[in-house]
Amino acid sequence: MKFGWTADRRASHKRRMLQSIALAGTILMAVPGSAGGISGVDVQDDIVVVRFDDRVDGASAFLLDSPRRIALDINGAQMGRGRFTPGNGAIAAVRQGQLSGDTARVVLDLSTPATLGNARLAQDGKSLSFSLQGVSDSRFRAEVGKGRTRFDGPADMAARPQKRIHSITVPIPAAARGVSLPQVEGAHDGARPLVVIDAGHGGHDPGAINKENGKREKDVTLAIAQAIRDQLVKSGRVRVALTRDDDKFLVLQERYGIARKLGADLFISIHADAAENTEAHGATVYTLSETASDREAARLAARENKADIINGVNLGGQSGDVSSILIDLTQRESMNISANFARLLQREAAPYVPFRSAYHRFASLMVLKAPDTPSILFETGYISNADDSAFLSSREGQGKIARGVARAIEVHFARKLAMRDGAAGG
């Protein structure tokens, strides 16, 4: 993988090298083609202009945090050997690579938080210009969550749309936009750890369904999440909030977004698995990885990541490209904490909940992609299995799951407190 145009700042060399290693996992080597090459990036005051040797087809952009970056994907472009002309210091470095055969990527490393404004492609398709608008850290994080913005080519560059012969109107349930933050319950001490419990699926999305008794995943997960909340509130050791406390639909981004906005210390998404083999049974804990641990983990990720889609329309407002971005190195700490908690959950909950022998799996699950919140997805059992379905649907089973999860949570935070006190004492 080859990158070009980096600002000459030796102090940031090692950090940029680590970022380049992370980015390289998703970018392929350039291939020859007739698309326009990137000839340079000019920065004057707060105006950025990306120049091309020939006409390009379109472009899109999205923001990345920790560290702060702007990523530009140029359709119909090849990475080039152009120069980076620095401006007022808002951009620390510029890198480029070939995302696919006809799409180049330019990454702007930011020294201060900023967003794009007034982006447009020139009439001849040979340049992309936009302004950099300085924003606060909180505003930048909010913009990161909005995903990708697309900039189409000028009208005279676009191909004529095909004449529509038939049309169909399909009613689409509204996504829970602008969802209000849930109530935080439990200990009134704001210094106590906060756990956010996410009941999977809901509303128009029933999740998995038992074909024999009609039990729905969305109902089971809500009852289990409520039981865990009640158990944690009773203990008084942590604070707790539910992403949903009724039968409503939340897109995946909103689920982990609630945890981030509340400043959660731990995020647990509750689910119930299903399989064609009705003999499959037992609980599984999933943590985030860009590479699935096995075919079953990949299958589950493919199914759960489509929870935002109904009638072919993605209600999440976030493209698949964004969801597949290689995880930043800064997210590794959260992933390590999540994996440790997965092992702890199995140990503490095993007396109450039957687990599968291979209880810990890894998958690229969208709902776990909060970069700064340790997160797990807990498949509490197989709703497609008769015994598991009865256990998950019963008050007794839900209570046992709640006790096991609560024990793991309390041990987890007790360990953290002991490590912090030990570090302070040392």
Side-chain angles (χ1 to χ4, degrees), residues 197-231 242-250 255 268-287 292-307 310 342-363 365 367-368 376-408:
I197 308 295
D198 171 49
H201 305 278
H204 71 263
D205 174 20
I209 301 175
N210 184 294
K211 297 178 181 179
E212 299 298 325
N213 58 29
K215 296 292 184 182
R216 301 179 300 183
E217 183 180 4
K218 71 171 184 176
D219 302 322
V220 165
T221 59
L222 179 58
I224 293 172
Q226 291 169 334
I228 296 171
R229 174 201 58 195
D230 295 344
Q231 185 71 28
L242 301 184
T243 58
R244 68 178 182 97
D245 201 9
D246 55 19
D247 185 19
K248 68 181 177 185
F249 173 70
L250 293 170
R255 294 175 185 273
I268 301 176
S269 189
I270 302 296
H271 287 258
D273 210 341
E276 290 298 322
N277 176 15
T278 58
E279 296 301 313
H281 65 281
T284 315
V285 189
Y286 285 86
T287 57
S293 56
D294 51 41
R295 294 176 63 181
E296 185 172 351
R299 172 196 61 79
L300 179 128
R303 174 166 62 88
E304 294 296 345
N305 287 346
K306 291 180 179 178
I310 180 172
R343 292 187 285 270
L344 179 63
L345 176 58
Q346 190 275 339
R347 191 191 78 182
E348 296 297 323
Y352 306 96
V353 181
F355 280 81
R356 302 183 65 185
S357 55
Y359 68 89
H360 184 194
R361 284 183 158 88
F362 301 89
L365 289 157
V367 77
L368 302 183
I376 68 159
L377 185 144
F378 187 22
E379 293 281 1
T380 50
Y382 279 78
I383 201 167
S384 52
N385 176 270
D387 292 338
D388 276 11
S389 178
F391 178 76
L392 300 176
S393 304
S394 68
R395 288 292 182 91
E396 180 183 4
Q398 293 159 8
K400 287 183 176 181
I401 294 170
R403 287 194 292 276
V405 172
R407 281 182 54 143

### Message
Working note: Arg356 + Arg361, criterion side chain to side chain contact (heavy atoms under 4.5 Å, CB included); need CA distance, chi angles, decisive distance, verdict.
### Response
CA-CA 11 Å; Arg356 302 183 65 185; Arg361 284 183 158 88; 3.4 Å; yes

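- Put simply, the side chain of Gln398 never gets that close to the backbone of Ala227: no donor and acceptor are under 3.5 Å apart.
- The two residues Val220 and Leu392 come nearest to each other via the heavy atoms CG1-CB, 3.6 Å.
- In terms of modelled atom types and a separation under 3.5 Å, the side chain of Arg244 and the main chain of Gly200 share a donor-acceptor contact.
- Applying the salt bridge (charged side-chain N to carboxylate O under 4.0 Å, His left out) criterion to Asp387, with sequence neighbours excluded, gives no partner residue.
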Without placing hydrogens or testing angles, list every side-chain donor-acceptor pair under 3.5 Å for residues 343-352, not counting sequence neighbours.
unit_1	atom_1	unit_2	atom_2	d
Arg343	NH2	Asn340	OD1	2.3
Glu348	OE1	Arg407	NE	3.3
Glu348	OE1	Arg407	NH2	3.1
Tyr352	OH	Arg407	NH1	3.3

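- At least one donor-acceptor pair under 3.5 Å links the side chain of Glu379 to the backbone N or O of Ala272.
- When atom types are taken as modelled, the side chain of Asp247 and the backbone of Gly202 share no donor-acceptor pair closer than 3.5 angstrom.
- In this structure, Asp388 contributes its side chain and Ile383 its backbone to no donor-acceptor pair below 3.5 Å.
- Here the side chain of Thr380 pairs a donor or acceptor atom with the backbone of His271 at under 3.5 angstrom.
- With sequence neighbours excluded, no residue forms a salt bridge (charged side-chain N to carboxylate O under 4.0 Å, His left out) with Arg403.
- Within the 3.5 Å criterion, the main-chain N or O of Thr243 finds no donor-acceptor partner in the side chain of Arg255.
- A side-chain donor-acceptor contact under 3.5 Å links Lys218 to the backbone of Gly203.
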